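Notes for the one structure printed next.
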Amino acid sequence: MAQDDLFKKVISHCKEYGFIYQSSEVYDGLSAVYDYGPYGSELKNNLKQYWWKSMVQMHENIVGIDSAIFMHPKIWKASGHVDAFNDPLIDNKDSKKRYRADVLVENFMDKIEVKINKEVAKAKKRFGDAFDEVQFRSTNPRVLANVEKYNTIKDRLADYMSNSKLDELKALIEELGIACEVSGSKNWTEVRQFNLMFSTQLGNIAGEEGKLYLRPETAQGIFVNFLNVQKSTRQKLPFGIAQIGKAFRNEIVARQFIFRMREFEQMEMQFFVRPGEEMKWYEYWKDARLKWHLALGTPEENLRFHDHDNLAHYANAAADIQYNFPFGFKELEGIHSRTDFDLNSHQELSGRKLQYFDPELNENYVPFVVETSIGVDRMFLCAMSNALVEEVVPGTEGKESTRVVLKLHPALAPVKCAVLPLKRNDDNLTGKARAIFNKIKYSFNAQYDDSGSIGKLYRRQDAIGTPYCITVDFETLEDDTVTIRERDSLAQERIHIDKIEEVVRQRIDMKQLFVE
RNA sequence: GCGAGUAUAGUUCAACGGCAGAAUGCCUGACUUCCACUCAGGGGAUACCGGUUCGAACCCGGUUACUCGCUCCA
């Protein structure tokens, strides 16, 4: 399948088979918000369960929490989200290129600086050894004028930025005659503020609300609970705290289906380590997280590491695990060495000590943090893009037919097993099949279906990724055996009714993902 | 957010400014001994709001959503 073709097919398959719907569709939808349907929520839950098991249950030194979405507003001050994600943006109407307004001004200031230095260099050449640079800088009228200009701009920019004077920022850009690099024109839109965080209010009396943010990441809920968790679970460093939860971000451009949504779900783990040991653990988690993806059967060639060049304000090393989505290699998961930035900030702003007493070193310190952070929805999209296949299979009377099949790992599949009567108009067969379904439904998610020919029923189950189909035929009525059909190989095996639960349970067991 | 394009049954596509149709899927029944069989019947759509016109799915304006470009990230 061609790549962009695949993307369209994934989206329509998700809708058609009840995995994902556009939010508020009857009202024409809500931009960049999606709802998970019956099979989608099963798959999503299975992904979360796989992550939780592998992180929390498989590590004695990792525990899980579930912190609230609402948090004290100061948390976002401390984390840097209030300041770092409030970029003033401006568009050039001719080139359609978008810039950060403050960066435009800063670039202009850089040019002035270059001019000054050129002037100095020129004079140096002219005067030779006798040149006194300090004196020249403090007396040359052209240099002085430019320094004056530079400082004025710097002060004004600082004023406009810290006081959100967007109109004046635009006026400054026009006054300086800054032109777009691409179009060369000075045809600018208004400067607009980009707010990363959604705000809401606490308190139910109008006018008395306190401003509150919906969390833009789950990590801060872990940081502010660091000591609570450490003390109540008696953990010693290194140890980790994991959390799965919703986060909210206003995106400038939110697109590409569920890849970038305004409301999304994160699976994050913050691993607290002794300062100086963070790079060792950073490498450890990079490796561990890649293995997690490979265990699911995600092809190695579709996964790669991508090291960040521009580090976020809190990190000293950062890498992405990228997946080859239908629209190219994009970030699926991030592994960040977050230093002690977050705990330190919270310690400063709250005035509470957030330190660990290390009995080995006999000293207190603020731990360093290595974070693994993966988007559930991106993982969902990865699993779906990876699994959706169209293939030619032998059909009736030797004719070939195509089938659409979701080759999800059995442990992730929304429905584990379908029970299908070979003929639907025979009460003995349907009755027997229903009885089998009613027996196995307690063990795992199963389905009963008799509304079509056996071939059609198989195809339906293929389309939602059901790994096993139990077919009840006339032989079943005689000796209580059924055929169990495997989704990917189409192989059929005859087993006794009493063995169904055991056989299926063993093949869908998540345990097999943890065996090295 | 800006620009360009798109919007008709669940899906894929038709319909001159003049009765909105097909295929497929779905539901019901019949038939069928292992990979979308066949037959009969049924339900189902012009994204939304307004304008032009005797008459609008079709022309015009606006809104919304989606796709593609420009930025950021899980």
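If you're wondering where the values come from, they're calculated on a predicted model, not measured in any experiment. By convention in this document, chain letters (A, B, ...) are assigned in the order of the sequence lines, proteins followed by strands, and residues within each chain are numbered from 1.
- Under the 6.0 Å distance and 45° angle rule, A:K44 counts as a cation-pi partner of A:Y36.
- Searching all strands for a Watson-Crick or G-U wobble partner of B:rC19 with both distances below 3.5 Å returns nothing.
- Nearer to the 5' terminus of RNA chain B, by closest-nucleotide assignment, is the contact made by A:S453 (compared with the other of A:L332 and A:S453).
- Across the P atoms, B:rG10 and B:rG50 are found 23 Å apart, a figure rounded to whole Å.
- Heavy atoms of A:T471 sit under 4.0 angstrom from at least one base atom.
- Separation of the C1' atoms belonging to B:rU8 and B:rA20 is 8 Å when rounded to the nearest angstrom.
- Contact annotation for A:K330: no contact, since no heavy-atom pair falls under 4.0 Å across all strands.
- OP1 or OP2 of B:rU11 lies within a sub-4.0 Å distance of a side-chain N or O belonging to A:K15.
- A:Q266 has its CD atom 5 Å from the C1' atom of B:rA74, to the nearest Å.
- Here the nucleotide nearest the side chain of A:Y34, chosen from B:rC27, B:rC66, B:rC26, is B:rC66.
- A heavy atom lying under 4.0 Å from RNA chain B marks the following residues of residues 419-428 of chain A, by number: A:L422, A:K423, A:R424, A:N425.
- With a 6.0 Å radius and a threshold of 12 heavy atoms from other residues, nucleotides or ligands, A:E300 has its CD atom at or below the threshold.
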Please enumerate all protein N or O atoms sitting under 3.5 Å from an N or O of nucleotides 40-44 of chain B, with distances to 0.1 Å.
none

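- Because its NZ or CZ atom is not both nearer than 6.0 Å to the ring centre of A:F248 and within 45° of the ring axis, A:R262 does not count as a cation-pi partner of that residue.
- Atom-to-atom, CG of A:L429 to C1' of B:rU32 comes out at 12 Å; the value is rounded to the nearest Å.
- Base contact: A:Q492 has a heavy atom under 4.0 Å from a base atom.
- Remark: A:R485 qualifies as a cation-pi partner of A:Y458 under the 6.0 Å distance and 45° angle criteria applied to the six-membered ring.
- Partner of A:Y34 under the ring-ring contact (aromatic ring centres under 6.0 Å, His included) criterion, out of A:F257, A:F264, A:F19, A:F259: A:F257 alone.
- A salt bridge does not link A:E486 with A:R507: every distance from a Lys NZ or Arg NE/NH1/NH2 to an Asp or Glu carboxylate oxygen is 4.0 Å or more.
- Nucleotide B:rG50: paired with B:rC60 (Watson-Crick or G-U wobble, both distances less than 3.5 Å).
- Within the 6.0 Å centre-distance limit, the rings of A:W285 and A:H59 are counted as a close aromatic pair.
- Side-chain atoms of A:R378 come within donor-acceptor range of the base of B:rC73, with a qualifying N/O pair under 3.5 Å.
- Residue A:K456 places at least one side-chain N or O closer than 4.0 Å to OP1 or OP2 of B:rC26.
- Nearer to the 5' terminus of RNA chain B, by closest-nucleotide assignment, is the contact made by A:S12 (compared with the other of A:E217 and A:S12).
- Cation-pi geometry between A:R289 and A:W292 is met: under 6.0 angstrom from the ring centre, within 45 degrees of the axis.
- Atom CD of A:Q22 and atom P of B:rA47 are 16 Å apart (whole Å).
- Separation of the P atoms belonging to B:rA7 and B:rA14 is 10 Å when rounded to the nearest angstrom.
- Nucleotide B:rC39 has B:rG29 as its partner under the Watson-Crick or G-U criteria, with both atom distances under 3.5 Å.
- With rounding to whole Å, A:N250 atom CG is found 15 Å from B:rA74 atom C1'.
- Atom name C1', nucleotides B:rA45 and B:rA57: the rounded distance is 10 Å, in whole Å.
- When the C1' atom of B:rU12 is taken as reference, atom CD of A:E390 falls 13 Å away, rounded to whole Å.
- Taking atom CZ of A:R403 as the reference point, atom C1' of B:rG25 lies 19 Å away to the nearest angstrom.
- For B:rG17 and B:rU53, the C1' atoms lie 9 Å apart once the distance is rounded to whole Å.
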* **Step-by-step side chain to side chain donor-acceptor pair (under 3.5 Å) determination, A:N438 to A:Y448** => CA-CA 9 Å; A:N438 282 325; A:Y448 170 83; over 6 Å; no
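- Applying the 3.5 Å distance criterion, the base of B:rC35 shares a donor-acceptor pair with the side chain of A:R485.
- Contact annotation: side chain of A:R249 to base of B:rA74, donor-acceptor pair present below 3.5 Å.
- The distance between atom CD of A:E263 and atom P of B:rA74, rounded to the nearest whole Å, is 17 Å.
- Between A:M197 and A:Y213, the shortest heavy-atom contact is CB-CD2, 3.6 Å.
- Note on A:K439 versus A:D498: salt bridge recorded, some NZ/NE/NH1/NH2 to OD/OE distance being below 4.0 Å.
- Taking 4.0 angstrom as the limit, A:R460 places a side-chain polar atom (N or O) nearer than this to OP1 or OP2 of B:rC26.
- Spacing of P atoms, B:rA74 relative to B:rG3, comes out at 30 Å, to the nearest Å.
- Across the protein-nucleic acid pair, A:K8 atom NZ and B:rC68 atom P stand 8 Å apart, rounded to whole Å.
- There is no side-chain donor-acceptor pair under 3.5 Å between A:Q266 and A:Q243.
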